[in-house]
2 protein chains.
Amino acid sequence: MDERLEREVNLLHANICQALADPKRILILYALADGPRSVGELTDTLNVPQSTVSRHLKVLRERQLVSAARYGVAVHYSLTDRRVVEALDTLRAVLFGTLAQRAELARGLS
Amino acid sequence: MDERLEREVNLLHANICQALADPKRILILYALADGPRSVGELTDTLNVPQSTVSRHLKVLRERQLVSAARYGVAVHYSLTDRRVVEALDTLRAVLFGTLAQRAELARGLS
DNA sequence: GGCTTGCATCCGGATGAGCGGATATGCGGA
DNA sequence: TCCGCATATCCGCTCATCCGGATGCAAGCC
């Protein structure tokens, strides 16, 4: 295996893919795709304790997938790079493809 | 939060993102992007025990990200949908962007 | 049928990730 | 300065995941 690719993939995993490995974090990214949101807003949107939201935001912030800006006492988070959501949309399209295929298969079996 | 999006994201996570949450699995996908490979070939490429490769392949197979075909005593795996690798490439581009930004920042600080 | 080869699965152990209540910190208003 | 709000971090806990050697299983050869 190409050592270069291996190192690159390790970086990719550590910096991005691992961050996408939790459904709540993906939801946060989609919520931010509509524009910046404060932690409180995200807490309401996701309907989980605030500490949980902050913990997930920390993961996303450390990987620079989101960026934070303080406005008075509130902190507004926003997407750093929309391409992350685009990639997720691509994966969603793949998912629909396989789901459709499974449905097809199930119909054929019946 | 839109319940529909929430369900969709849960599916996306369970079926795809979780499968991308391990660097070895990402490497397998990239290896398969060059064409079908047998388990033995992947074992050599990744340089890990065969049981480990088979375990990861099982995860990818269950999510239908790869498909298996038996040729005699060997099993050849191939990518089900190239778009998965395309999405990974997009994320790689994002990664390079943030890495460049960090380098820039580090230079500015020195 | 016995053997080899290639792959899948089982198992116990170690590590990591998520959780959410409690608490700390930072900021603006009175 | 003291208070209150918004957010961040700490803590102990539970659960998920990965690992790799050992073992099971299918297919072809003799």
Side-chain angles (χ1 to χ4, degrees), chain A residues 1 6 9-29 31-32 35-79, chain B residues 1 6 9-29 31-32 35-79:
Chain A
M1 162 123 301
E6 189 168 346
V9 166
N10 282 334
L11 277 178
L12 178 61
H13 168 256
N15 285 284
I16 299 191
C17 291
Q18 208 168 37
L20 302 180
D22 184 283
K24 293 194 184 65
R25 285 198 291 267
I26 299 177
L27 280 172
I28 289 176
L29 291 174
L32 295 182
R37 296 281 184 275
S38 71
V39 177
E41 288 169 336
L42 290 172
T43 301
D44 292 344
T45 299
L46 298 194
N47 202 32
V48 292
Q50 176 261 320
S51 70
T52 297
V53 174
S54 273
R55 184 166 22 81
H56 285 306
L57 284 171
K58 180 178 186 175
V59 173
L60 295 172
R61 202 191 329 126
E62 283 172 348
R63 271 102 176 149
Q64 312 218 211
L65 297 183
V66 304
S67 50
R70 193 176 260 279
Y71 288 100
V73 78
V75 177
H76 288 239
Y77 281 85
S78 53
L79 278 186
Chain B
M1 161 123 304
E6 190 166 348
V9 165
N10 282 334
L11 277 178
L12 178 61
H13 168 255
N15 285 284
I16 300 191
C17 290
Q18 209 169 35
L20 302 181
D22 184 284
K24 293 193 184 68
R25 287 198 288 267
I26 300 177
L27 279 173
I28 289 177
L29 292 174
L32 294 181
R37 295 281 185 276
S38 71
V39 177
E41 287 169 337
L42 290 172
T43 300
D44 292 344
T45 299
L46 297 195
N47 201 31
V48 292
Q50 177 261 320
S51 70
T52 297
V53 173
S54 274
R55 185 165 23 80
H56 285 307
L57 283 171
K58 180 178 186 177
V59 173
L60 295 172
R61 202 192 328 127
E62 283 170 350
R63 270 96 176 157
Q64 312 218 214
L65 296 183
V66 303
S67 50
R70 193 175 259 276
Y71 289 101
V73 77
V75 177
H76 287 239
Y77 281 85
S78 54
L79 278 186

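First the proteins, then the strands, lettered A, B, ... as listed; each starts at 1.
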Determine the contact category for A:V39: base if any of its heavy atoms lies under 4.0 Å from a base atom, sugar-phosphate if only primed atoms, P, OP1 or OP2 are that close, otherwise nothing.
-> sugar-phosphate
Check every strand shown and say whether B:R55 touches a base, only sugar-phosphate, or nothing at a heavy-atom separation below 4.0 Å.
-> base
Of all the heavy-atom pairs spanning A:T43 and A:V48, show the shortest one and how long it is.
-> CG2-O, 3.2 Å
Kindly give the heavy-atom pair with the smallest separation between B:I26 and B:L20, and that separation in Å.
-> CD1-O, 3.4 Å
Starting at the 5' end of DNA chain C, which residue's closest nucleotide do you reach first, A:G72 or A:Q18?
-> A:Q18
To the nearest angstrom, how far is B:E62 atom CD from D:dA16 atom C1'?
-> 15 Å
Measure the distance from CZ on B:R25 to P on D:dT17 and round it to the nearest whole Å.
-> 9 Å
Classify the nucleic acid contact of A:Y77 as base, sugar-phosphate or nothing, counting any heavy atom under 4.0 Å across all strands shown.
-> sugar-phosphate
Minimum heavy-atom distance A:Y77-A:L32, with the two atoms named | O-CD2, 3.3 Å
Return yes if some donor-acceptor pair links the side-chain N/O of A:H76 with the main-chain N/O of A:R70 below 3.5 Å, else return no.
-> no
State whether the side chain of A:R63 and the backbone N or O of A:C17 hold a donor-acceptor pair below 3.5 Å, judged by distance alone.
-> no
Mind checking A:V75 for me? I need base, sugar-phosphate or nothing, with any heavy atom below 4.0 Å counting as a touch.
-> sugar-phosphate
First-last contacting nucleotides on DNA chain C - partner chain A, under 4.0 angstrom, heavy atom | C:dA17 to C:dG28
Short side-chain donor-acceptor distance under 3.5 Å, A:T45 and A:E41 | no
